[in-house]
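Each remark here refers to the structure printed beneath this line.
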Amino acid sequence: MAAGGAPANVAVALARLGTASGFLGKVGNDFFGLHLKAVLEESGVDTSYMQLDKSTNTGLAFVSWDERGDASYLFYRNPSADTMLKPSEISRDYIQQARVLQFGSLLLANEPASAATYHALRLAGDAGVFLSYDLNLRLFAWPDEETARSVVSVPLAFAHILKINQHELEWLTGLSDPLAGTDLLWTSNLALIVVTLGGEGCFYRTADFNGRVGSFPVEVKDTIGAGDGFMAGLLDGLRRGNFDFDDEAMIRQACRQATAVGAISTTRPGGIPSFPNRAEVDQLLATINREV
Ligand code: ADP
């Protein structure tokens, strides 16, 4: 049994890096849901507004590996408690205390969770909280690809930070080249897009500049959670750089830290257990001296 779920993974990875985080979402009031809550609490994530649903089970994912080591997933979530999050369960006061609201596209596939997500995004936007969108495409949740493409594109109009991997970029735009693909996605509201490139690191762009940051050479065991670790490394770096999106050196440093967290996470099995603490990340950043 392994606790996970993209936004929860990001919250845990942030706490390990020394950035305070809290989880807004819903699990079933059952053995698995209570386990997820306990893991978040042990990891230092605030769960004050984590909801427990009495009538719906916690969603489960079964992961299996073929002889080449490639993972396949089987999801038991039809419906699952996460999709039952209601707008009335989102606290305005809590959201207003944050610097960033991190969200993904999965909850946009079902009601009432989609309405709850948009409610949270509106409250955050009104309070000047940065909205950070990890596209994190999960096609199993959608009736068809066209519906998925149109619905997951909506938050691009108001998100400030977008993280997307290269496969998702190609799926969304038809272009795998990060510069050309993100040209199509760019909106005036965005401050930063980061495209993750697996073992090649990442590409970043703002309104004024773009570039690439390489990854770290590591012995990969399991890539589960790498993207979530990356996301946390990026947000922690941006927070330490005071979200100054005009400062390219700061953005590069945040991307470099993000690739360090992603790389370390691939050397260990699982998601949550694989995320490094501050000291491990600082050590990797210090030992591999590369130009940033
Ligand atoms: P996702 O997990 O969202 O699909 P990627 O596969 O692009 O995203 O990986 C996210 C990040 O994890 C990369 O930007 C990189 O920093 C790190 N990473 C992934 N695969 C490797 C690898 N083979 N070697 C080193 N770092 C990796």
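Note that ligands are numbered from 1 as they come in the structure, with each ligand's atoms numbered from 1 the same way. The structure displayed is predicted, hence computed values, not measured ones.
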Counterpart residues, ring pair (Phe, Tyr, Trp, His ring centres under 6.0 Å), relative to F103 (two or more places apart): Y133
Which pairs of N or O atoms, one from ligand 1 and one from the protein, are separated by less than 3.5 Å, and what is the distance for each pair?
{"unit_1": "ligand 1", "atom_1": "2 (O)", "unit_2": "G227", "atom_2": "N", "d": "3.2"}
{"unit_1": "ligand 1", "atom_1": "3 (O)", "unit_2": "K163", "atom_2": "NZ", "d": "3.4"}
{"unit_1": "ligand 1", "atom_1": "4 (O)", "unit_2": "N165", "atom_2": "ND2", "d": "2.9"}
{"unit_1": "ligand 1", "atom_1": "7 (O)", "unit_2": "T196", "atom_2": "OG1", "d": "2.9"}
{"unit_1": "ligand 1", "atom_1": "7 (O)", "unit_2": "G198", "atom_2": "N", "d": "2.7"}
{"unit_1": "ligand 1", "atom_1": "8 (O)", "unit_2": "T196", "atom_2": "OG1", "d": "3.3"}
{"unit_1": "ligand 1", "atom_1": "14 (O)", "unit_2": "G201", "atom_2": "O", "d": "3.0"}
{"unit_1": "ligand 1", "atom_1": "26 (N)", "unit_2": "S215", "atom_2": "OG", "d": "2.9"}

Is the closest basic N to carboxylate O distance between D82 and R77 below 4.0 Å? yes
Can you pull out every ring pair (Phe, Tyr, Trp, His ring centres under 6.0 Å) where at least one residue sits in residues 15-53? Sequence neighbours excluded, please. Y49-Y94
Any carboxylate oxygen within less than 4.0 angstrom of a Lys/Arg side-chain nitrogen, looking at D282 and R278? yes
For K26, what residues pass the salt bridge (Lys or Arg N to Asp or Glu O under 4.0 Å) criterion, not counting sequence neighbours? D53, E89
Does F243 have its ring centroid less than 6.0 Å away from the ring centroid of F130? yes
